[in-house]
Amino acid sequence: MTRVLLLGGTGDALAIARGLSAAHVYSLAGLGRVPVDLACSVRVGGFGGIDGLVGYLRAEAITLVVDATHPYAAQMSRHAHAACAIARVPLWAVRRPAWQPQPGDDWREAADWREIVERIATFQRPLFTLGREPLAHLDDIPSSQYWTVRCLDAHPGNERARIVDARGPFDLAGERVLFDDARIDVVISKNSGGRATEAKLAVARERRLPVVMLARPALPDVERSFVDAASALDALRHCLET
Ligand code: NAP
């Protein structure tokens, strides 16, 4: 019998988890909401590195791992790749395609935080949509800048930064209000792909604002790769029926 371990933390993963029966396990890091209405079992928290994951795969008799973590959750993806190789468990992944620039876009790639700081040096009102990373730099904000940082954290901010604790999806109307209220002049983003958080890019385009895009991390090869939850679920259903 196939027993699936689904590595989650994304909307795609949750959509797949909704299609899994009680025989399978949905795993979350524990940073966000934990669903309570799934048929499959849900476990929360890290495995304890590669060795911990190998031990888990063996103890739970997992026969297939599906990595549906966020494209920037590269450590978990690397650990899954290494652990599956050791435990001889096949690894599939949902690899959400990156957003592509459209006519009118002004995207500037940055490899890391240092490059982000360089790229925004001449701007005054950046909007950060990178998750929590900017919170570690709130004491370094130049006097010429006021930051708006959107992330899942009820951080109080400071005199040079407002933290917007909000969870997607975000729509065009709401993004326009945020850009107006915060007088945004540059956006800093991960290239997450998908629909839930792409409206900010459309607003940047219509206002001709630059977007500093943090480069995607390299992810390990997997046995089968899917571009969305629906195609992964199709393949899973086929595999679970046979
Ligand atoms: P990460 O750097 O790749 O992983 C850090 C550690 O968190 C992993 O080594 C693992 O701990 C644990 N972990 C991550 N995902 C897990 C899962 N699904 N189940 C059990 N343990 C997990 O990941 P991250 O960037 O901190 O992201 C954490 C979670 O948030 C991920 O599940 C990801 O899908 C989700 N998320 C991330 C982003 C993002 O921008 N990075 C955005 C949206 C959602 P051990 O080594 O102890 O096993």
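Just so you know, ligand 1 is whichever comes first in the structure, and atom 1 is the first atom listed for that ligand.
- Here the heavy atom of the protein found nearest to atom 48 (O) of ligand 1 is Phe47 N, 2.7 Å.
- Aromatic ring orientation, His137 versus Trp113: parallel (interplanar angle below 30°, classes split at 30° and 60°).
- The shell of residues lying under 4.0 angstrom from ligand 1, judged by heavy atoms, excludes Arg78.
- By heavy-atom distance, the residue among His70, Lys190, Gln75, Met76 lying nearest atom 15 (N) of ligand 1 is Met76.
- Under the 4.5 Å side-chain heavy-atom criterion for Ile, Leu, Val, Met, Phe, Trp and Tyr, Val42 and Val65 are members of distinct hydrophobic clusters.
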Task: Worked check of side chain to side chain donor-acceptor pair (under 3.5 Å) between Ser192 and His70 - done: CA-CA 8 Å; Ser192 300; His70 190 272; 3.2 Å; yes
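- Atom 25 (O) of ligand 1 has Ala73 CA, 3.6 Å as its closest protein atom, hydrogens excluded (heavy atom only).
- Proximity of Gly52 to ligand 1 is not established, as no heavy-atom distance is less than 4.0 Å.
- Counting heavy atoms under 4.0 Å from ligand 1, residue Ala74 touches it through the backbone alone.
- Protein heavy atom closest to atom 44 (C) of ligand 1, with residue, atom name and distance, is Gly9 O, 3.1 Å.
- Contact atoms of ligand 1 toward Gly46: 11 (O), 21 (N), 45 (P), 47 (O), 48 (O) (distance under 4.0 Å to a heavy atom of the residue).
- Applying the 4.0 Å criterion to heavy atoms of Gly49 picks out, from ligand 1, the atoms 45 (P), 46 (O), 47 (O), 48 (O).
- The shortest heavy-atom distance from Leu28 to ligand 1 is under 4.0 Å.
- Atoms of ligand 1 lying under 4.0 Å from at least one heavy atom of Thr69, given by number and element, are 34 (O).
- Counting the atoms of ligand 1 from 1 in the order shown, those under 4.0 Å from a heavy atom of His79 are 9 (O), 46 (O).
- Considering only heavy atoms from C-beta on, Met76 comes within 4.5 Å of Leu53 through its side chain.
- To the nearest 0.5 Å, the span separating CD on Glu109 from CZ on Arg119 amounts to 8.5 Å.
- Not a single heavy atom of Ala13 sits under 4.0 Å from any atom of ligand 1.
- Rounded to the nearest 0.5 Å, atoms SG (Cys151) and CG (Leu130) are 9.5 Å apart.
- No cation-pi contact links Arg96 to Phe226, judged by a cut-off of 6.0 Å to the six-membered ring centre and 45° from its axis.
- Taking atom 47 (O) of ligand 1 as the reference point, the nearest protein heavy-atom neighbour is Gly48 N, 2.9 Å.
- Not close to ligand 1: Gly131, with no non-hydrogen atom less than 4.0 angstrom away.
- Side-chain contact between Arg95 and Leu219 is present, with at least one heavy-atom pair separated by less than 4.5 Å.
- For atom 29 (C) of ligand 1, the closest non-hydrogen atom on the protein side is Ala29 CB, 3.8 Å.
- Taking CD of Glu175 as the reference point, atom CD of Glu198 lies at 11.0 Å (rounded to 0.5 Å).
- Considering backbone and side-chain N/O atoms, Ser27 comes within less than 3.5 Å of an N/O atom of ligand 1.
- The distance from ligand 1 to the heavy atoms of Arg43 drops below 4.0 Å at these ligand atoms: 20 (C).
- Inter-residue side-chain proximity for Trp92 and Cys239 is flagged as met; some heavy-atom pair is nearer than 4.5 Å.
- To the nearest 0.5 Å, atom SG of residue Cys84 and atom CG of residue Asp67 are 9.0 Å apart.
- The line from CZ of Phe128 to OG1 of Thr148 is 9.5 Å long, rounded to the nearest 0.5 Å.
- Tyr56 carries Arg43 over the face of its six-membered ring, with the cationic atom under 6.0 Å from the centre and within 45° of the normal.
- Among the atoms of Leu7, none of the N or O lies under 3.5 angstrom from an N or O of ligand 1.
- Given atom 32 (O) of ligand 1, the protein heavy atom at minimum distance is Gly8 O, 2.8 Å.
- Taking every non-hydrogen atom of Leu31 and a distance limit under 4.0 Å, the qualifying atoms of ligand 1 come out as 28 (C).
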